[in-house]
Amino acid sequence: MSATTSRVHFRTCNLCEAMCGLRIELEGERITAIRGDDEDPFSRGHVCPKALALKDLHEDPDRLRHPLRRTATGWERVSWDSALDEAARRLHEVQRRYGRNSVASYLGNPNVHNLGSMLFGPQLVRALRSRNRFSATSVDQLPHQLVSYFMFGHQLLVPIPDLDRTRFMLVMGANPLASNGSLMSAPDVRARLRAIQQRGGRLVVVDPRRTETAAIADAHLFIRPGTDALALLALLHVVLLESPPRPGPLDAHLDGLEAVRAVAREFPPERVAGTTGIAADALRQLARDFLAADGAVCYGRMGLSTQPFGSLCQWLINVLNAVTGNLDREGGAMFTQPAFDIVGGPKALGISRGSFGRWKSRVRGLPEFAGELPVAVLAEEMLTPGEERVRALVTVAGNPVLSTPNGPQLERALEGLDFMVSIDPYLNETTRHAHLILPPVSALERPHYDVALHALAVRNTARYAPALFEPGKDARHDWEIALALQHRLDTLNRGRPSVRATLKHQAMKRLGLERVLDLGLRLGPHGAGFHPLKQGLTLAKLREAPHGVDLGPLQPCLLGRLRTKDRRIHLAPEPLLADVQRLREAFPEGAPAVGGEGELLLIGRRHLRDNNSWLHNVPGLLKGKPRCTLMVHPQDASRLGLVDGEGAVVSSRVGEVTVPVAVTDEVMPGVVSLPHGYGHQRSGTRLQVAAAHAGASQNDLTDDRALDAVSGNAAFNGTPVRVRKALAPAPAIPAA
Ligand SMILES: Nc1nc2c(c(=O)[nH]1)N[C@H]1C(S)=C(S)[C@@H](COP(=O)(O)OP(=O)(O)OC[C@H]3O[C@@H](n4cnc5c(=O)[nH]c(N)nc54)[C@H](O)[C@@H]3O)O[C@H]1N2
Ligand SMILES: Nc1nc2c(c(=O)[nH]1)N[C@H]1C(S)=C(S)[C@@H](COP(=O)(O)OP(=O)(O)OC[C@H]3O[C@@H](n4cnc5c(=O)[nH]c(N)nc54)[C@H](O)[C@@H]3O)O[C@H]1N2
Ligand code: SF4
Ligand SMILES: [Mo]
């Protein structure tokens, strides 16, 4: 019998945006507990049930540990060298035959939570030299970035609610109690929202569903999906035309106020009440309460970004915060100053301030933003014949079959590709179409620092953790895979090996992650620079502070960080102003905004125990009642003959799914809600647990033609659907 030693390891949870500090207890190499780290100054001991999944994911027998190569009969294990050589050679061959743009890339959400991918991923994409770059950005927060680029001159100068000091928070289309906050990293968001009320402030939620967040709010207003831009214009109408001006710290730096006022003039609350479903009095009161508060902030997330007027919504939110004097002010919408500054940071990171329309997608002519095209066009770029048709794909930490609109069409397109390689730890709905799968180490085998999320947090903090486990000898980090593939592609593109390039590659490899991070920390706003005696952050200092370092509350800083060429804040960027015409046409005066005859509007939802598509192989998170149900209002249910717990067939322009019904007045009449990220019934995957809790994919219904017209972001929310009673019972979803 050998005595095992116990030890404790501290790290940050990488699963959602909240960055909770974890205290992981081990006996030898076995994890015995994962708890919240009480000494983390930011998360103060908070965790959610997903934290435990880090252990399950690490130990998951389905998680791939070696590169796999597809054969006629299944999958075979191959060596890293042969997999990387083959991947580079085949991508290069496709590009040589059909042109650079015939290879596309798709980067999924977990890249953002991965230090190595943040620092080394962009270089792999660059080595592909293709205009067909895609990512989860365009099914998520693209409107925020586009609007920040237009208004503040940098796509990542995204205003963050000053949650801990605000006295009035208007939440539109976000459900932080389930999502734990997004573009608002805030561990224990429930306590932080409650604290607003405890200091005498108010929380108001505008959502077509009475969500978990709405349930703790002081007021909840139902809104018809897709009509938020109208409601925001009405709020601006009251603020700009019916109320005395409220001076703000940035007034002298705002351009375009008159243009905004002219638009707002057209939309008094009475003009939008019928369409939005919010009474004129309620809108007027909301605007006045917002104005009266000493520090107010309007915050809108997925429900506003992923709808047909996503960019208008995010723009009008920034305008509302600015004209009420709440932009860049304590208690309002502020800008984080992270230790590793991706806005002011080194260009080498590959994060540009943004760009718009430098090229267009081949088939539909949608504009690029910051070097990427909207992923809603990916399938058509593969399926539509012609020069530069996409014939090969690289996916990195993405599951677009389940996460992008019209998933089934994308599946058909993937089947027709000449070549596909996926950097991913799972054989799932997307990677099953790959020829090669290159699995990285698990999250516990890598060092962690949240380059992206520290930059979007409600407080300036920094926290670093070394790897908990040594990766196996034959395991590769995401960044190592990216760098190795990039080097091979560069060599093939050059046509001959180059001593200089090889030396550079070796230098990068040796330099490694941690030295790049140290450099970023030293050069950042809280950094020590290179002066040995200067106080300030270095990686060494973060290593000495395993619970993280508190760098204080957000500070007004916009004027110093503004990146517009004229150093002004642009309240009325032309492309957004112009899009108001589309809004007028979509909702003429007096128009009710329900779907067409017999149609219901489908919206999404998140649950605390899900995380997009990829935590469904963790048994502990699937306990309890099945969650992939269609919420239907009792009135609609009785009209359509739908019964709680029985099946319904939901159909849209692009597809059909059968799901169990949950009858509830949580959703407003005319609206149905289904979560995304399910649909694990597809054959040929290696996800034993998920397959037994398959559910149906919401993106078998969402439409690749439904977009926010300005940015090209997917408009998942408000998909018109028809619902009928299923004749056969819904496929059984066994409880765990
Ligand atoms: N547990 C869990 N946490 C997560 C995730 C997860 O899958 N599970 N995903 C993570 C990711 S990638 C992200 S981006 C964030 C997202 O974070 P959130 O945006 O907070 O998450 P959602 O739950 O999608 O919230 C969107 C809300 O918009 C509402 N809505 C839908 N349509 C409309 C509309 O037209 N108008 C208005 N006003 N509201 C509308 C929906 O009812 C829903 O309540 O969550 C992150 N955190
Ligand atoms: N209908 C609808 N669709 C949506 C949404 C919605 O609200 N409604 N939400 C959208 C949003 S906000 C987002 S962010 C997207 C997410 O879209 P995606 O990023 O495409 O999908 P995920 O489900 O997050 O899948 C993540 C993939 O990364 C892999 N992975 C996990 N960790 C790592 C890692 O460390 N390294 C590597 N290489 N791979 C890893 C997983 O195995 C999985 O294959 O979905 C979007 N889709
Ligand atoms: S809230 Fe997010 S960061 Fe915190 S433990 Fe849960 S999944 Fe991890
Ligand atoms: Mo997301």
Side-chain angles (χ1 to χ4, degrees), residues 14-18 48-50 57 63-64 106-114 116-117 135-137 139-141 171-184 205-214 221-228 231 300-309 313 375 395-405 407 422-431 438-443 446 477-478 481-482 601-615 617 667 671 673-677 687 697-699 701-702 714 716-719:
N14 61 292
L15 292 174
C16 87
E17 297 180 38
C48 86
K50 291 190 292 302
L57 290 167
R63 183 167 64 81
L64 305 177
Y106 173 81
L107 270 52
N109 169 279
N111 285 300
V112 174
H113 304 256
N114 184 323
S117 309
S135 80
T137 290
V139 284
D140 188 349
Q141 80 288 356
V171 173
M172 301 180 73
N175 186 12
L177 256 58
S179 69
N180 288 309
S182 180
L183 300 187
M184 179 178 78
V205 172
V206 174
D207 198 299
R209 186 182 142 229
R210 191 169 59 253
T211 60
E212 295 81 348
T213 309
L221 300 168
F222 279 123
I223 187 167
R224 298 235 165 78
T227 65
D228 302 82
R301 251 327 253 129
M302 283 295 284
L304 267 69
S305 309
T306 57
Q307 57 144 295
F309 297 97
C313 287
V375 70
T395 68
V396 187
N399 192 2
V401 164
L402 296 190
S403 62
T404 66
S422 294
I423 303 180
D424 202 290
Y426 282 102
L427 175 44
N428 64 18
E429 297 77 14
T430 295
T431 61
L438 310 176
V441 301
S442 93
R446 61 189 196 222
H477 287 280
D478 274 285
I481 302 170
L601 297 179
L602 175 68
I603 61 169
R605 88 175 174 265
R606 284 177 157 77
H607 188 282
L608 190 59
R609 290 170 180 267
D610 295 317
N611 190 30
N612 297 325
S613 75
W614 70 280
L615 291 191
N617 217 44
V667 286
V671 173
S673 159
L674 186 69
H676 77 284
L687 296 166
S697 175
Q698 198 209 1
N699 289 321
L701 297 168
T702 56
F716 297 123
N717 286 305
T719 301

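Below, all heavy atoms of this structure are taken into account, side chains as well, without hydrogens, waters or symmetry copies. Whatever order the structure lists them in is the order used to number ligands and atoms, beginning at 1.
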- Residue-ligand contact Gly604/ligand 2, heavy atom below 4.0 Å: no
Sub-4.0 Å heavy-atom approach of Gly677 to ligand 2: no
Looking only at non-hydrogen atoms, the one of Val139, Asp228, Thr211, Thr213 nearest atom 37 (C) of ligand 1 is Asp228
Asn612 heavy atoms within 4.0 Å reach ligand 2 at atoms 14 (S), 16 (C), 22 (P), 23 (O), 24 (O)
dist Thr719:OG1 -> Asn717:CG (nearest 0.5 Å) comes out at 7.0 Å
Item checked: Test item, Arg446 contacting ligand 2 (heavy atom, 4.0 angstrom) -> yes
Residue-ligand contact Arg606/ligand 2, heavy atom below 4.0 Å: yes
TODO: Compute the minimum heavy-atom distance from Pro440 to ligand 2 and say whether it is under 4.0 Å.
DONE: yes
Could you check whether any heavy atom of Lys50 sits closer than 4.0 Å to an atom of ligand 1, since that is the contact criterion I want to use? yes
Ranked by distance from atom 25 (O) of ligand 1, the top protein heavy atom is Asn175 N, 3.5 Å
Of Ala714, Ser613, Ser403, the residue with the heavy atom nearest atom 46 (C) of ligand 2 is Ser403
Of all protein heavy atoms, the one nearest atom 35 (O) of ligand 1 is Gly226 N, 2.8 Å
Heavy-atom proximity to atom 40 (C) of ligand 1, picking from Cys16, Pro208, Ser182, Ser305, points to Pro208
Of Thr430, Asp478, Asn111, the one whose closest heavy atom lies nearest atom 36 (N) of ligand 2 is Asp478
